[in-house]
Amino acid sequence: MLRTTIMSSSETVFLIDTGAGMAQGSRPDQEDRYVFILPDQFPADTVDKLALFAIFDGHGSASVAEHARKNLPQLLVKRPEFEAGDYDTAIAEAFVDEDEALLNKFMSHSTEPAVSGSTVALCFANLTKGILVVGNLGDSHIVLAERDLSGGKPINVQRLTKAHKPGHADEKARIREAGGSVNNSTGTTRVGSLNMSRALGDLQYKNPVNTMDDEMSAKSRTAAVVPPGNRGDFLSNKAHLSRVNLSPEKRYALVCSSDGVSDSTDEKALLEHVMRSSSTGERARDIAQEIVNVTAARYGSDNSTCIVALLDGTKT
């Protein structure tokens, strides 16, 4: 639910409206998750206005996506780099911390973190300083565009995330260096059974679980080309990071989405729809829900999740 954001003259940008939508599509279960945290809810002791938006696209089950939804924001604000204002490092290390928490869960009582995983596309905004930092693993995406002064057209559309796929040259080289292999037996490039090369969870493809000689590492063994003691992380939790300085003289639209939306939608057209709808007074939550309803209605559709956020510079 959208909450009213209290505006302060000290901010660089105002968070005008935020909302999210989800649709199950043709899948038997809804394994996507999302979270957005507005300034009046943000769990950090600071005078700055902070916000966070994140999409988690689970696979295998929703277990890891749900765990990350609940825990990752707290892990982020606990990082010493976060308090120091080094948000890039804080996000990257929070992803590592989340995998460590999942490993502890696996070691203590649950096989879920070994056999299921999740993408993450996370956007942190310091509205006071005008800083936007994005970190991602996998193929969920975050797109930012400027809105013209009439509010109806996107300018400078930027994808701030990077798709991590086993077939990409840099990812294939990294997987092989870790002692893994990439296959195309199904017509889709994969590491083991996964069509992505970076994610949270899926510990069977990561050290130390992929070195264990038991049933939990069966898929990992089929993806390996070196003995257990020489294996690294076939699947990586090293984040792709990007940073944008927001201007007080510009207006922005931000869209976070799972691949159920981004794989079937042109990003510029998507931003045009968001801006056209918002310029007529439609709320962000309704725009987001409309987007996922359209993508999920297609034949063979995936789970679809979308967050829309609108930001205005204080001098617009």
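Every value quoted in this text rests on a predicted model; they were computed, and no experiment measured them.
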For the backbone of [Y] and the side chain of [X], can you confirm whether one donor and one acceptor N or O come within less than 3.5 Å of each other?
| X | Y | result |
| --- | --- | --- |
| Thr12 | Pro248 | no |
| Thr305 | Ser258 | no |
| Ser277 | Val274 | no |
| Thr265 | Leu270 | no |
| Arg231 | Val226 | yes |
| Asp286 | Glu282 | no |
| Asp266 | Lys268 | yes |
| Gln289 | Met22 | yes |

Is any side-chain heavy atom of [Y] closer than 4.5 Å to one of [X]?
| X | Y | value |
| --- | --- | --- |
| Val120 | Leu200 | yes |
| Val13 | Thr314 | no |
| Val209 | Phe106 | yes |
| Asp302 | Asp263 | no |
| Thr18 | Leu38 | yes |
| Leu160 | Cys123 | no |
| Leu52 | Phe36 | no |
| Leu122 | Val134 | no |

Residues in side-chain hydrogen bond (donor to acceptor under 3.5 Å, both in side chains) with [X], at least two apart?
| X | value |
| --- | --- |
| Ser26 | Ser301 |
| Arg243 | Asp88 |
| Thr89 | Asp86 |
| Asn230 | none |

Suppose we screen for side-chain contact (heavy atoms from CB on, under 4.5 Å). Which residues come up paired with [X], at least two apart in sequence or across chains?
| X | result |
| --- | --- |
| Lys105 | Ser63, His67, His109, Ser110, Pro113 |
| Gln24 | Gln30, Asn303 |
| Ala284 | Asp17, Val308 |
| Val294 | Arg298 |

Strictly by modelled atom types, are [X] and [Y] linked by a side-chain donor-acceptor pair under 3.5 Å?
| X | Y | answer |
| --- | --- | --- |
| Ser236 | Tyr205 | no |
| Ser140 | Asp57 | no |
| Ser61 | Glu112 | yes |
| His164 | Ser197 | no |
| Asn126 | Tyr87 | yes |

Hey, quick one: are [X] and [Y] part of the same hydrophobic cluster, counting side-chain heavy atoms closer than 4.5 Å, chains of contacts allowed?
| X | Y | value |
| --- | --- | --- |
| Met107 | Leu203 | yes |
| Leu72 | Val96 | no |
| Ile307 | Val244 | yes |

Taking the ring of Phe82 and the ring of Phe124, is the distance between their centroids below 6.0 Å?
yes
Taking only residues at least two apart or on different chains, which pairs with a member in [range] satisfy salt bridge (charged side-chain N to carboxylate O under 4.0 Å, His left out)?
| range | value |
| --- | --- |
| residues 126-144 | Asp48-Lys129, Asp139-Lys165 |
| residues 94-104 | Arg79-Asp97, Asp99-Lys206 |
| residues 180-205 | Glu171-Arg198 |

salt_bridge([X], [Y]) N-O dist < 4.0 Å:
| X | Y | answer |
| --- | --- | --- |
| Glu267 | Arg159 | yes |
| Glu146 | Lys250 | yes |
| Arg147 | Asp312 | yes |
| Glu66 | Lys70 | yes |

Minimum heavy-atom separation for [X] and [Y], please, with both atom names.
| X | Y | result |
| --- | --- | --- |
| Val191 | Met196 | CG1-O, 3.4 Å |
| His141 | Lys162 | CE1-C, 4.0 Å |
| Ile37 | Pro43 | CG2-CD, 4.2 Å |
| Leu271 | Pro154 | CB-CB, 3.9 Å |
| Thr295 | Ser264 | CG2-OG, 3.8 Å |
| Tyr252 | Asn245 | OH-O, 4.3 Å |

Using a cut-off of 6.0 Å, state whether more than 12 heavy atoms not belonging to Glu83 lie near its atom CD.
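Check fails, neighbour count at 12 or below.
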Around Asn156, counting heavy atoms of other residues, nucleotides and ligands shown, do more than 12 lie under 6.0 Å from its CG?
yes
Would Ser278 and Ile287 count as a side chain to side chain contact (heavy atoms under 4.5 Å, CB included) here? Give the steps.
CA-CA 8 Å; Ser278 65; Ile287 299 170; 4.0 Å; yes
Atom [atom1] of [X] and atom [atom2] of [Y]: how far apart are they, to the nearest 0.5 Å?
| X | Y | atom1 | atom2 | value |
| --- | --- | --- | --- | --- |
| Cys256 | Ile142 | SG | CD1 | 4.0 Å |
| Arg251 | Leu246 | CZ | CG | 14.5 Å |
| Asp259 | His59 | CG | NE2 | 10.5 Å |
| Cys306 | Arg285 | SG | CZ | 14.5 Å |
| Ile91 | Leu75 | CD1 | CG | 12.5 Å |
| Asn183 | Thr186 | CG | OG1 | 6.5 Å |

Can you name the residues that form a ring-ring contact (aromatic ring centres under 6.0 Å, His included) with Phe95, not counting sequence neighbours?
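Checked Phe95 against ring-ring contact (aromatic ring centres under 6.0 Å, His included); zero matches.
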